[in-house]
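First comes the structure, then the notes that go with it.
Throughout, numbering of the chain's residues begins at 1 and tracks the sequence.
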Amino acid sequence: MDAVQQQFTELLKEKGIELTEAQLHQFELYYRELVEWNERMNLTGITEREQVYVKHFYDSLSVSFFIPMEQIRSVADIGSGAGFPSIPLKIVYPHVHITIVDSLNKRIQFLTHLGNTLGLRDVQFIHGRAEDVARMPEHRDRYDLVTARAVARLAVLNEFCLPFVKPGGRFSAMKGQDVQTELEEATLSLKELRGKWSHTYRFQLPLEESTRHIIDIEKTAPTPKKYPRKAGTPLKTPLV
């Protein structure tokens with residue numbers, strides 16, 4: 001174990017997460033594949049090894065600092081990009097069934113390759129727009145937890161993500177610094193999509209100490225039939 005991995009394991013240990021050697025090996029494989037594929041396609045602007053371990057891997061796992069992942073059976077990750085946060089969560093919590101939805105087929109190809117390389121089971125990769133996939137019966141109102149990491153403003157994310165959440169389940173929106181304005185903007189979309197703000201968790205990312213927030217939203221009832229609106233509409237005309 002080198003210095004970067006040592007630091008990573010110690011930071012996670014502080015949060016009650018103990019990594020096995022096999023899991024550490026998966027994270028290192030993940031890092032190598034990410035950097036290699038990033039030379040051919042734009043997956044991330046962050047490629048320096050220590051930065052990837054903190055800003056991508058640790059940050060992705062921050063969901064589990066506040067959400068009891070042992071009780072979660074199914075996760076949908078919307079607009080996952082290079083697999084954050086769902087793949088790091090899957091590595092640490094292998095019992096969870098993961099569904100990743102992304103609109104760019106190249107990213108889905110990378111994620112499929114990554115899943116095979118890491119030996120992940122019970123992971124599904126779907127190429128499609130969230131608004132279209134959320135209308136499929138097998139995905140609508142189905143998931144214990146839905147995640148999205150800095151994809152769009154909360155009023156838009158609610159329409160992308162809440163249709164996937166089962167009643168009684170939760171949506172965790174992973175955000176950077178200023179979230180209060182977004183929360184105020186999102187009042188109508190929460191009401192329309194049967195979401196209820198539960199808590200905003202605030203924490204510091206280690207080393208650089210930048211502020212992160214996780215907005216925890218509970219789904220109170222099934223998604224009304226008119227949502228989500230057709231692909232592209234939530235971004236153009238958000239529910240505000």
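- Rounding to the nearest 0.5 Å gives a distance of 8.5 Å between OG1 of T117 and CZ of F110.
- No salt bridge links E131 with R135; every basic N to acidic carboxylate O contact stays at or beyond 4.0 Å.
- I78 has its side chain out of reach of D102: every pair of non-hydrogen atoms, C-beta onward, lies at least 4.5 Å apart.
- K90 contributes a side-chain N or O that, together with a main-chain N or O of V96, makes up a donor-acceptor pair within less than 3.5 Å.
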Derivation and outcome, side-chain contact (heavy atoms from CB on, under 4.5 Å), residues E185 and L154: CA-CA 8 Å; E185 264 180 18; L154 189 61; over 6 Å; no

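- At least one side-chain heavy atom of R107 sits under 4.5 Å from a side-chain heavy atom of L43.
- For K166, the side-chain contact (heavy atoms from CB on, under 4.5 Å) test picks out D144, with sequence neighbours left out.
- A 6.0 Å sphere centred on CZ of R40 holds more than 12 heavy atoms belonging to other residues, nucleotides or ligands.
- Atom CD1 of I98 sits about 11.5 Å away from atom CD of Q124, to the nearest 0.5 Å.
- Both I72 and I87 are part of a single hydrophobic cluster, where members link through side-chain heavy atoms under 4.5 Å apart.
- Contact detail for P224 and R140: the closest heavy-atom pair is O-NH2, 3.1 Å.
- Residues F171 and I67 do not share a hydrophobic cluster, defined by chaining ILVMFWY side chains whose heavy atoms lie under 4.5 Å apart.
- Taking E18 as the reference, K13 meet the side-chain contact (heavy atoms from CB on, under 4.5 Å) condition, with sequence neighbours excluded.
- For Y58 and F8, the ring centers sit 6.0 Å or farther from each other.
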Steps toward side-chain contact (heavy atoms from CB on, under 4.5 Å) verdict (Y53, Q7): CA-CA 9 Å; Y53 268 82; Q7 175 181 259; over 6 Å; no

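- Aromatic ring centres of Y30 and F84: separated by under 6.0 Å.
- A single hydrophobic cluster is seen to contain both L207 and V52, as judged by linkage of ILVMFWY side chains at heavy-atom distances under 4.5 Å, directly or through other members.
- Checking E36 against Y31 by side-chain atom types alone, no donor-acceptor pair falls below 3.5 Å.
- When all heavy atoms of K219 and L162 are compared, the pair lying nearest together is NZ-O, 2.6 Å.
- Applying the 6.0 Å contact sphere to NE2 of H199 captures more than 12 heavy atoms from other residues, nucleotides or ligands.
- The closest side-chain donor-acceptor pair between H97 and R73, if any, does not fall under 3.5 angstrom.
- Aromatic pair Y201/F65: ring centres not closer than 6.0 Å.
- Hydrophobic clustering places W197 together with F164 (ILVMFWY residues linked when any side-chain heavy atoms are closer than 4.5 Å, directly or through intermediates).
- For the atom pair CZ of F203 and NE2 of H213, the computed distance is 9.5 Å after rounding to the nearest 0.5 Å.
- Between W37 and L114 there is no side-chain heavy-atom pair separated by less than 4.5 Å.
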Step-by-step side-chain contact (heavy atoms from CB on, under 4.5 Å) determination, L19 to F27: CA-CA 10 Å; L19 294 180; F27 277 114; 4.2 Å; yes

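- Atom CD of Q204 has more than 12 heavy atoms from other residues, nucleotides or ligands within 6.0 Å.
- H139 and T99 form no side-chain donor-acceptor contact under 3.5 Å, judged by distance and modelled atom types alone.
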Verdict with reasoning, E28 to R49, per salt bridge (Lys or Arg N to Asp or Glu O under 4.0 Å): CA-CA 9 Å; E28 186 59 22; R49 189 158 166 266; 3.0 Å; yes

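- With hydrogens and angles disregarded, a donor-acceptor distance shorter than 3.5 Å links the side chain of Q23 to the backbone of T20.
- Considering only heavy atoms from C-beta on, S60 stays 4.5 Å or farther from L89 through its side chain.
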Which side-chain N or O atoms in residues 230-240 pair as donor and acceptor under 3.5 Å with protein atoms at least two apart or in another chain?
from: T233; atom 1: OG1; to: K230; atom 2: O; distance (Å): 3.0
from: T237; atom 1: OG1; to: R229; atom 2: NH1; distance (Å): 3.4
from: T237; atom 1: OG1; to: T233; atom 2: O; distance (Å): 3.2

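- A distance of 11.5 Å separates CD in Q71 from OH in Y93, rounded to the nearest 0.5 Å.
- A salt bridge does not link K196 with D216: none of the charged nitrogens is closer than 4.0 Å to a carboxylate oxygen.
- Side-chain polar atoms of E159 and Y227 form no donor-acceptor pair below 3.5 angstrom.
- Residues T187 and K191 form no side-chain contact, since every pair of their non-hydrogen atoms from C-beta on lies 4.5 Å or further apart.
- N42 contributes no side-chain N or O that, together with a main-chain N or O of N38, makes up a donor-acceptor pair within less than 3.5 Å.
- Of all heavy-atom pairs spanning P88 and G83, the tightest one is CD-O, 3.4 Å.
- A donor-acceptor pair shorter than 3.5 Å can be found between the side chains of R212 and S210.
- Proximity of R170 to I217: side-chain heavy atoms (C-beta onward) are nowhere separated by under 4.5 Å.
- Side-chain contact between V92 and I17 is present, with heavy atoms from C-beta onward closer than 4.5 Å.
- Rounded to the nearest 0.5 angstrom, L111 CG and I100 CD1 are separated by 5.0 Å.
- Using a 4.5 Å heavy-atom threshold, the side chains of S62 and I214 count as touching.
- Looking at every heavy atom in both residues, E182 comes nearest to A152 through OE1-O, 4.3 Å.
- For N158 (side chain) and S189 (main-chain N/O), no donor-acceptor pair under 3.5 Å exists by modelled atom type.
- Panel note: side chain R142, backbone A76; no donor-acceptor pair is recorded below 3.5 Å.
- Between P206 and V54 the shortest heavy-atom distance is O-CG1, 3.7 Å.
- To the nearest 0.5 Å, the span separating NZ on K226 from CG on L193 amounts to 9.5 Å.
- Checking D77 against T147 by side-chain atom types alone, a donor-acceptor pair falls below 3.5 Å.
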Chi angles and distances behind the side-chain contact (heavy atoms from CB on, under 4.5 Å) call for I108, I126: CA-CA 7 Å; I108 293 295; I126 300 174; 5.7 Å; no

Residues T223, D141; criterion side-chain hydrogen bond (donor to acceptor under 3.5 Å, both in side chains); working and verdict: CA-CA 7 Å; T223 305; D141 297 320; 2.9 Å; yes

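- Shortest non-hydrogen contact noted between L120 and Q26 is CD2-NE2, 3.7 Å.
- No continuous path of hydrophobic side-chain contacts links V75 to F160 [ILVMFWY only; heavy atoms under 4.5 Å].
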